[in-house]
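Structure first, then comments.
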Amino acid sequence: MAEIPEKPTLDGIEPLWIESWEAEGVYRFDRTAGREQVYAIDTPPPTVSGSLHMGHVFSYTHTDTIARYQRMRGKSVFYPMGWDDNGLPTERRVQNFFGVRCDPSVPYQPGFQPPFRGDPPKDHQAVSISRPNFIELCEELTHQDEKIFEDLFRRLGLSVDWTYLYATIDERSRRVSQRAFLRNLARGEAYTQEAPTLWDVDFKTAVAQAELEDRERPGAYHQVKFARTDGDGDVIIDTTRPVLIAACVALVAHPDDERYQPLFGSTVRTPLYGVEVPILAHPLAQIDKGTGIAMICTFGDVTDVTWWRELNLPTRAIIGRDGRIVATPPSGLDSPDGVAAFEQIAGLYVNQAQNKVVEALRESGAMIGEPRPITHPVKFFEKGDRPLEIVTSRQWYIRNGGRGAELRRDLLARGESLTWHPDHMRHRYANWVEGLNGDWLISRQRYFGVPIPVWYPVDAHGETDYDRPIVPDESMLPIDPSTDVPPGYSTDQRDQPNGFTGDPDVMDTWATSSLSPQIAAQWEDDADLFARVFPMDLRPQAHDIIRTWLFSTVVRSHFEHDSLPWTNAALSGWILDPDRKKMSKSKGNVVTPLDLFDKFGSDAVRYWAASARPGVDTAFSEEQMKVGRKLATKLLNASKFVLGFGEPPADATPTSPVDLAMLARIADTVDEATRAFDEYDYARALERTEATFWWFCDDHLELVKGRAYNVHGTEGAVSAQVALRSALSALQRLLAPFIPFATESVWRWWQNGSVHRASWPTRAELGNTGDVAILDPIGEVLAQIRRSKTEAKTSQKTPVALASVRASAAHVAAVESARVELTDAGSVENWAFTIDDAQSTPVVEVTLSTDGTPD
RNA sequence: GGGCGCAUAGCUCAGUUGGCUAGAGCGCUUCCCUUACAAGGAAGAUGUCGGGGGUUCGAGUCCCUCUGCGCCCACCA
């Protein structure tokens with residue numbers, strides 16, 4: 001217990017309590033607790049290569065209020081933290097910081113020292129290093145950032161148990177990720193396939209459906225003539241990508257389109273290249289689009305892939321993985337003129353080639369009119385800078401229902417049985433699962449990440465046999481097939497005939513983070529811990545990654561554990577600029593969380609965050625933070641005031657009707673806050689608590705302070721003191737999840753231990769005998785007395801010569817029961833009461849003792 | 001085109017199975033240095049609850065419809 005300071009302050013309290021909490025282990029998970037006693041949270045691991053912004057502060061605060069509530073309810077809270085240092089952003093940073101490049105073909109060098117630690121000169125040639133070395137450097141670099149993140153989260157007051165920290169590239173994460181993958185593979189849930197895939201030409205990697213986004217780009221329709229091979233005129237198509245004419249394998253129109261029905265089965269020649277292609281019918285062709293007939297290219301968009309597959313068309317790929325037109329013409333493009341035309345664009349980037357093609361079309365007379373500019377949505381990798389192309393490549397997939405009705409149904413059912421906060425977020429899940437059009441592509445042609453843990457046999461001719469991957473034993477994990485050698489082979493057989501070759505790819509970052517519950521719970525590494533925390537209770541996350549993180553986590557858990565990974569999902573909203581636009585990092589205007597902690601205090605920032613309803617986009621508001629700071633300050637002062645009345649005898653109980661009614665009102669608030677928290681509505685719990693707290697300070701304390709000062713005798717004073725202390729104790733605990741620093745300060749003035757380990761208040765501890773109904777008429781009378789003084793523009797201390805109350809019998813009784821308190825608070829000298837049951841609220845006629853006396 | 005959400009005081013929002021004489025905070029106005037708090041406190045003004053229709057004794061709340069805004073998905077020759 002601490003002294004009550006003469007002048008309580010919020011300044012500088014954060015470091016003090018952060019240190020105490022750590023030293024006392026206030027937030028340590030008690031791993032002896034059984035599953036029913038545990039509340040487990042699947043904390044989102046923030047990307048360490050970015051910076052923490054208000055969005056993090058916002059949503060992590062929401063989760064923390066829930067965690068603190070559950071802890072006070074007696075749960076052992078499993079609240080780990082993770083760092084997401086796996087993926088493209090980290091890869092880029094490690095390259096730029098150390099002046100290195102990951103190259104899986106390079107052997108591992110123990111004790112490797114990078115050429116630079118920060119700011120390599122511009123002309124520096126990146127040094128190629130092995131993937132294990134690259135991962136080591138990543139861990140070194142991200143460690144610094146992680147420290148900053150950790151400090152910030154501690155400063156925010158997150159009640160995380162930091163002993164359960166993980167990083168998505170650390171050894172355990174790699175082991176879990178690879179083990180889960182191998183089990184998916186063994187059960188047939190993961191498979192490899194060579195197929196057209198969406199491809200980012202800058203990152204030179206395949207990307208998954210979930211990582212796509214549309215961006216509006218300028219384009220133009222070009223009307224192009226294809227000559228009919230029967231010589232009977234031309235077929236005219238509209239295309240935004242004439243560059244792909246060389247990749248054209250057919251024209252297609254709708255089967256019901258009468259204009260083209262006579263042409264189905266006939267052929268045309270592509271302009272410039274003279275390749276003969278058929279005219280086919282397919283229901284995906286749209287009659288009212290362009291000229292109603294489209295060219296099918298391999299591949300311009302995903303519809304082309306569908307047509308190509310369903311119409312059994314040949315492949316004429318012309319765009320390479322580097323985004324350039326390939327050097328040699330595709331099969332079927334073999335006429336001398338055609339080859340000559342193709343050579344004009346070979347090796348060019350796609351947009352340069354497009355200009356060349358348009359020029360050539362114009363010269364040849366195959367183009368009708370001029371291009372008509374339009375703006376249209378184009379598919380991009382969400383982290384990419386250039387439109388995606390479609391190339392054919394071998395990739396790994398995990399089934400996700402995109403190609404199987406039964407699995408899709410099962411996964412939809414999982415989404416149904418999950419409890420969503422707010423509930424309507426479930427639609428986004430269902431919407432996404434229903435719209436899937438392929439399995440989950442998990443392999444990435446990157447160098448940094450969790451390696452796909454397989455090798456392939458190489459036959460006597462040096463050909464790789466992809467259909468019979470060699471898998472490691474789980475006891476070997478994690479492995480890196482680029483440096484580790486499969487069982488039964490020796491190092492010198494790598495990439496040799498009759499030897500083996502390692503899979504060069506890494507897994508998508510979501511393939512690892514989809515296992516965050518298993519990673520945090522130390523799946524298979526610590527079966528006892530896992531049994532105590534899995535399936536977890538809560539997944540908190542942002543709503544924009546339902547389709548990625550949330551969904552993929554459900555998929556992995558469904559396969560591995562035949563269960564949901566958690567029972568509740570809480571989706572937080574966005575932070576908006578004060579002008580209601582989504583707050584973006586790029587704007588650069590953003591205040592950093594640290595500045596705000598310094599300016600308003602962590603509690604005040606938390607208050608702002610906790611005021612936002614679950615799942616609702618919320619404007620950034622320093623005004624709200626000021627209000628939060630006022631609340632924390634008020635708590636200090638009110639606590640000091642109440643405790644200053646002294647400690648009543650241990651066996652004393654409240655007796656005054658006003659005291660009992662006040663306690664009953666606090667009990668009602670406890671019920672409301674408890675119910676709200678059980679429904680994950682932390683904002684409602686705060687709002688109800690706050691309203692009661694301000695009423696307690698502004699009305700109740702004013703009413704009873706005279707009696708508490710012992711001006712009316714010991715019995716009344718003791719009753720007031722006991723009641724005030726009960727109420728204060730409950731209010732401090734009700735506010736603890738929101739303003740943990742201020743509540744901890746005031747709690748320790750008079751209690752042992754941390755408020756954050758104290759038990760959540762209950763109705764029972766507050767007694768259950770008070771009549772809340774008397775509070776309204778009492779408050780009304782006090783308000784009217786105050787109003788009359790305000791209207792008379794005089795001090796609230798001005799004595800009231802006569803307060804004449806007209807009210808119903810019940811209200812008169814209520815007011816009389818508080819006559820002592822009202823006399824004190826209103827400085828009333830005389831009372832008169834008139835019973836009038838027609839009066840729905842009391843009316844007070846106030847005669848101020850200064851009435852008639854000139855100033 | 002499909003789905004979801006939002007629309008209540010100048011601003012940000014609450015209003016939980018229909019009972020409201022519609023609330024809070026901020027901002028604004030007035031007053032008070034009252035010994036917990038002047039980085040306080042007391043009090044005041046402000047609304048055709050987006051429009052229209054319906055159900056009901058009663059609708060901000062339920063149903064239909066329209067309008068505007070936002071998000072997700074699909075389409076994107």
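Chain identifiers are assigned alphabetically (A, B, ...) following the order of the sequence lines, protein sequences preceding nucleic acid strands; residue numbering begins at 1 within each chain. On a predicted model such as this, the values are computed, not experimentally measured, just so you know.
- Checked for salt-bridge contact, D11(A) and R629(A) meet the test: a charged N lies under 4.0 Å from a carboxylate O.
- A salt bridge is defined here as a Lys NZ or Arg NE, NH1 or NH2 lying under 4.0 Å from an Asp or Glu carboxylate O, and E623(A) with K626(A) meets this definition.
- Minimum atom distance to the side chain of E623(A) is reached by C26(B), of the listed C26(B), C73(B), C71(B).
- Both Q624(A) and D301(A) sit near RNA chain B, but only Q624(A) has its closest nucleotide nearer the 5' end.
- The aromatic rings of W574(A) and H543(A) sit perpendicular, their planes meeting at an angle over 60°, well past the 30° parallel limit.
- When the side-chain nitrogen and oxygen atoms of R613(A) are compared with OP1 and OP2 of C13(B), none of them lie within a distance under 4.0 Å.
- Checking U21(B), G25(B), A74(B) against every side-chain atom of T841(A), the shortest atom distance belongs to U21(B).
- The residue K289(A) sits close to a base: some heavy atom pair falls under 4.0 Å.
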Checklist entry - Just by protein heavy atoms under 4.0 Å, how would nucleotides 36-41 of chain B read 5' to 3' in B, S and -? => result BBS-SS
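- A donor atom on one side chain and an acceptor atom on the other are found under 3.5 Å apart for Q732(A) and W750(A).
- Across all strands shown, U12(B) forms a Watson-Crick or G-U wobble pair, both distances under 3.5 Å, with A24(B).
- No side-chain donor-acceptor contact under 3.5 Å links R707(A) to the backbone of E821(A).
- Judged by closest nucleotide on RNA chain B, H543(A) is the one of H543(A) and A220(A) placed further toward the 5' end.
- Look at R241(A) and E389(A) and you find a salt bridge, because one of the NZ, NE, NH1 or NH2 atoms lies within 4.0 Å of a carboxylate O, short of that distance.
- When the C1' atom is compared between G27(B) and C11(B), the two are found 7 Å apart, to the nearest whole Å.
- Nearest nucleotide to the side chain of R547(A), out of C73(B), C32(B), A43(B): C73(B).
- Remark: the separation of the C1' atoms in A45(B) and A9(B) is 11 Å, to the nearest Å.
- For G44(B), the OP1/OP2 oxygens have a side-chain nitrogen or oxygen of R787(A) closer than 4.0 Å.
- Using the Watson-Crick or G-U wobble rule with both distances under 3.5 Å, C6(B) pairs with G68(B).
- Between the C1' atoms of A74(B) and G3(B), the separation comes to 10 Å (whole Å).
- Between R688(A) and D681(A), no side-chain nitrogen of the basic residue sits less than 4.0 Å from a carboxylate oxygen of the acidic one, so the salt-bridge criterion is not met.
- Pair assignment for C62(B) gives G54(B), based on Watson-Crick or G-U wobble hydrogen-bonding distances that are each under 3.5 Å.
- At A74(B), one or more side-chain N or O atoms of Q209(A) fall inside 4.0 Å of OP1 or OP2 (strictly under the cut-off).
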